[in-house]
Every structure is written in structure tokens, then in C-alpha cells.
Amino acid sequence: LHPQFDLVLGMVIDFMHCVLIGVVKALLVHWFSASKKYEKYSAHDKIAICDDHLMSIKVPRFVKRTPQSLTQFSNWKASELLSWLLCYSIPILKGVLDTNYYSHYCLLVVGLHILLGDKITQQSLDLAEHCLQQFYLKYSELYGIESTTMNVHLLSHLVMYTRAWGPLWTTSCFPLEGMNGVLRKHFHGTREIPLQLANNFAMLHLLPQLQYKQLTKTMMKGRSAAPVYVIGANVQDSLSTDELDKMKEYCHSELQVDYDKEMSAVTLHSRAIVNGTMYHSTLYNCKATKRNNYTVAYQMDEQVQFGTVKSFLSLTIASKTSPVILCAIKPLRPHQSRAATTISSMEVNAYLLKTFKYVSEKDEFIYIEAERLISLCVSITVQEKQLQCVVLPPNGYEFIN
């Protein structure tokens, strides 16, 4: 080895295999496996309750695989385990697991949410280190010393590697294994596979103009290069009286525009692309009924708010050179009674409350400029389907729209 090569820091832990396939899948075995149903930590008798919530989730487009039943967790892919860890499990397991086991699991979720973020502060790193150390130290007490595997031990070193190399998604095997799928599409049959790969990759690189014409141009046909633009046909001819009144008020207060004098045309649309992300509205009639691309996070009064997109509007105003794209949103109201958790640490509790927002829909709507949309969210129905828990992805790199 090279004399300057650090054998410890140079061999980075892959969180996909260590955390997801190692620790998270082991926890699922403890909770839901029939072989463990007589253990004190088992939730095997409540698997139907968890499945009811899990299978009702309509995931946004950045979640590649729709949820599978917990009875099939042994077949889950790493990406499904990631979605379970970061999005689904906290609201679904609340009230299902015993308090001590739920609080212990929350430590793992908070630690990984922080280490998979795109902006990690020193303070949040310290919190992640505390969470993962406590999770590791208490694991053998709760699940037995024989269950404390090397993967569980490696959790205590994840923060060290994050400090040295950056967020865990920068060194994970997800993109590498994703490329295996790409490679698989570039050969057929079992003969001369290396030659087939070489020829196909050479073709892609030597014919960039053909690739552009056949793929990029077709995909972008009729689309604008602007950061915000609506797509699809006009879905409605006119606004309702209530919508029109709110539109006039918004134009006057926010756009400083006299609606009656300056408005040339208003068209309603069911979809829009904002900074490269496609958002749907509830107007959009889509065959993908298992997807929810209309629950969003948006910026309002310097705070992140959550809501459901009702429609997109393109306004042609005489005094402006380009159309103004608005978004009609039904805000989601925070539900305080559901917010309390059982975690003793105030910092951990605060992080959970910030990450997993329990909300209910308001009977009103507002207009905002579409540029204020931040991200799609995962929405999970809880508490007898009266509340939603909305979760933002921890980063915008691994969770690609």
C-alpha cells in the first residue's frame, strides 16, 4: 500500500449494505418475522395494521418503487429499505412498537437523516453522533448481545467517515449498482459481452448529435427553457367566482397589477415544471394512481409550509414580458396534538418534529408564485386516516426527480 494511504479512513463504510441491508432489515426481522413473534420486541401481531398504512401510501416521483407489503420485507430492495427508514417507518410504527423500542429506533432515523442531508452543520453532526452511539450502546440490551452484529457496531463510526468524506450518499454503492442496470441494457445474449459493451458505448459517445436528436429533442419538444413553465393543455375555460376574487386580490397585493385593466388571459393547467421538477395538481387525470406528485413543500413568510397543489395558472399580463405562473394550493395545517413524541432528548425530539410533520387539510386555498415550490413530499395517512404525516427528502441529489 501507498505509505500515505490511511487504511482506516481510506476504507469508507457503505451505508447501503451496512445500514439498510444490514441493520434495517435485521430490525424488520425482529419486529415482523414469525420466528420472533414471542419475543418482547415483536410486532408480528400488528403487521396488518402497519400494512394498512403502508399500502395506502401514494409516493411521489422521486421514490422509485411503490411500497410492498411488510409480509414481503425479505424481498425488499435497498431503495425500498431506504424509503422505509427515512419516510414511512416513524409514523407507521408509532403506537405499534413498545415505547422503549420506538424511542430507540428514532435515534437511528434521526442519525441517518442528518448524515444523508445536503447541508450538514457541526451541531447536527454532533447530534447524529450522539444518536448513533446511543443506538449502538442500547442495541444489545434491547435485542440481545447475539444480535449486535458488525453492521450495528459500524454505526458508531459513520459520523467519523462523514466528517472525512462528506454525506453518506456521496460514498454509497447506490450509483454504482445503478450503473450495473445501465450496463445490463447494453448487451444481449451471452456471447462476446465485453465486445458488445464496448461497441454500444462507443456508439453512444461517437454519435452525440444522433443521441440529442432522438432523445433530448423529443423529450423537450414544446417545452420552455425557463425555470418555471406549465405543460399540457388548458384544463378549464374559466375561474369560479371565489377563485376569481382571490386572483384579483393576489394580483393587486402581490403583483401590483390591476386585474381588470392589465390581464390579457388566464389559463389553468394540471402540471408544471419548476426548477427541473415536475409537479402535478389534483386536476391531473393520471393513470399512475399509486403516485402523489401534488403534496408539496413551499416557501411562505421565510418558513417552509406544506400543502396540496390544486391547479397551476398561467397569467398573461400586458405590463410583463413573460407569463406569470401561479400555483393554487390548499395549505396543510400543523396538528399539535399528534406532535408529541416519547424521546427524552430535547434535540432529538425537536429534529423529529421538524422532519415528520403531522398535518390536516384546510378548507381554503391560496395563490403563490410557482417559484416558491421547494420539493415534492411523501404523504402518509395516519390516525384512522384523519391526519397526514408529510416528510421531505433529506437531500436533492440521491432523491432524483
Side-chain angles (χ1 to χ4, degrees), residues 1-27 62 64 77-79 81-83 85-86 107-140 145 147-187 193-202 204-206 208 345 347-348 351 355 393-400:
L1 294 177
H2 193 279
Q4 293 184 347
F5 177 72
D6 189 322
L7 192 59
V8 176
L9 288 178
M11 307 290 286
V12 185
I13 298 171
D14 168 44
F15 94 93
M16 185 185 83
H17 290 93
C18 169
V19 180
L20 302 178
I21 298 174
V23 178
V24 175
K25 185 163 278 192
L27 288 171
F62 63 73
K64 302 306 180 187
K77 301 293 186 182
S79 60
L81 293 167
L82 179 65
S83 298
L85 174 70
L86 299 181
L107 296 172
L108 177 67
V109 174
V110 171
L112 267 294
H113 253 281
I114 292 171
L115 299 186
L116 287 169
D118 47 14
K119 295 179 181 178
I120 307 177
T121 64
Q122 185 59 52
Q123 183 179 6
S124 62
L125 269 179
D126 293 340
L127 176 59
E129 189 166 38
H130 165 77
C131 289
L132 295 177
Q133 288 285 353
Q134 289 301 307
F135 181 86
Y136 166 56
L137 292 173
K138 294 179 180 178
Y139 194 91
S140 59
I145 189 67
S147 299
T148 310
T149 62
M150 177 57 73
N151 285 323
V152 177
H153 170 73
L154 289 175
L155 293 174
S156 62
H157 299 291
L158 288 179
V159 173
M160 176 182 71
Y161 286 101
T162 302
R163 286 194 169 103
W165 294 96
L168 296 181
W169 52 266
T170 62
T171 54
S172 84
C173 285
F174 270 111
L176 301 176
E177 298 211 1
M179 279 303 297
N180 287 338
V182 175
L183 289 173
R184 181 63 187 86
K185 295 176 182 178
H186 285 82
F187 67 88
I193 290 176
L195 184 60
Q196 290 186 57
L197 289 172
N199 286 339
N200 283 323
F201 270 100
L204 285 175
H205 288 283
L206 292 174
S345 170
E347 287 183 289
V348 176
Y351 194 92
T355 307
N395 65 71
Y397 301 98
E398 189 175 41
F399 296 87
I400 301 171

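- With a 4.5 Å cut-off on side-chain heavy atoms, Leu107 and Tyr139 do not count as touching.
- Surrounding CD of Gln123 are at most 12 heavy atoms belonging to other residues, nucleotides or ligands under 6.0 Å away.
- For Leu137, the side-chain contact (heavy atoms from CB on, under 4.5 Å) partners are Gln134, not counting sequence neighbours.
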Item checked: Verdict with supporting geometry, Val19 and Leu81, side chain to side chain contact (heavy atoms under 4.5 Å, CB included) -> CA-CA 9 Å; Val19 180; Leu81 293 167; over 6 Å; no
Next item on the list: Evaluate side chain to side chain contact (heavy atoms under 4.5 Å, CB included) for Ile21 paired with Asn151, printing each intermediate quantity in order.
Entry: CA-CA 9 Å; Ile21 298 174; Asn151 285 323; over 6 Å; no
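- Classified by interplanar angle (parallel below 30°, tilted 30° to 60°, perpendicular above 60°), the ring pair His153/Tyr136 is perpendicular.
- With His113 contributing its side chain and Leu86 its backbone, the two residues share a donor-acceptor pair below 3.5 Å.
- A donor-acceptor pair is defined here as one N or O able to donate and one able to accept, closer than 3.5 Å; such a pair exists between the side chain of Trp169 and the backbone of Gly117.
- Considering only heavy atoms from C-beta on, Leu82 stays 4.5 Å or farther from Met16 through its side chain.
- Counting heavy atoms from C-beta outward, Tyr161 and Val8 have side chains that approach closer than 4.5 Å.
- In this structure the side chain of Leu125 reaches within 4.5 angstrom of the side chain of Leu115, judged on heavy atoms.
- Panel note: side chain Asn395, backbone Leu116; a donor-acceptor pair is recorded below 3.5 Å.
- Separating the CG atom in Leu155 from the NE2 atom in His157 is a distance of 9.5 Å, to the nearest 0.5 Å.
- For Lys138, the NZ atom counts as loosely surrounded, since its 6.0 Å shell holds 12 or fewer non-hydrogen atoms of other residues, nucleotides or ligands.
- Contact of the Leu20 side chain with the Phe174 side chain is registered, since non-hydrogen atoms from C-beta on lie closer than 4.5 Å.
- A pairwise comparison of heavy atoms in Gly111 and Ala128 identifies O-CB, 4.0 Å as the closest pair.
- The side-chain contact (heavy atoms from CB on, under 4.5 Å) check on Met179 picks up Val182, with sequence neighbours excluded.
- Taking 4.5 Å as the limit, every side-chain heavy atom of Thr355 sits out of range of all side-chain heavy atoms of Val109.
- Under a 4.0 Å N-O distance rule, the pair Glu129/Arg163 qualifies as a salt bridge.
- Qualifying side chain to side chain donor-acceptor pair (under 3.5 Å) partners for Asp118, counting only residues two or more places apart in sequence or in other chains: none.
- Here the rule is side-chain contact (heavy atoms from CB on, under 4.5 Å) with Thr162, and of Ile120, Thr170, Thr171, Ile114 only Ile120 fits it.
- Residue Leu112 holds its CG atom at 6.5 Å from CG of Leu132, rounded to the nearest 0.5 Å.
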Note to self: Does Val348 form a side chain to side chain contact (heavy atoms under 4.5 Å, CB included) with Leu127? I'd like the steps, not just the answer.
What the structure shows: CA-CA 8 Å; Val348 176; Leu127 176 59; 3.8 Å; yes
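- Looking only at side-chain heavy atoms (C-beta outward), Leu154 and Leu158 stay at 4.5 Å or farther from each other.
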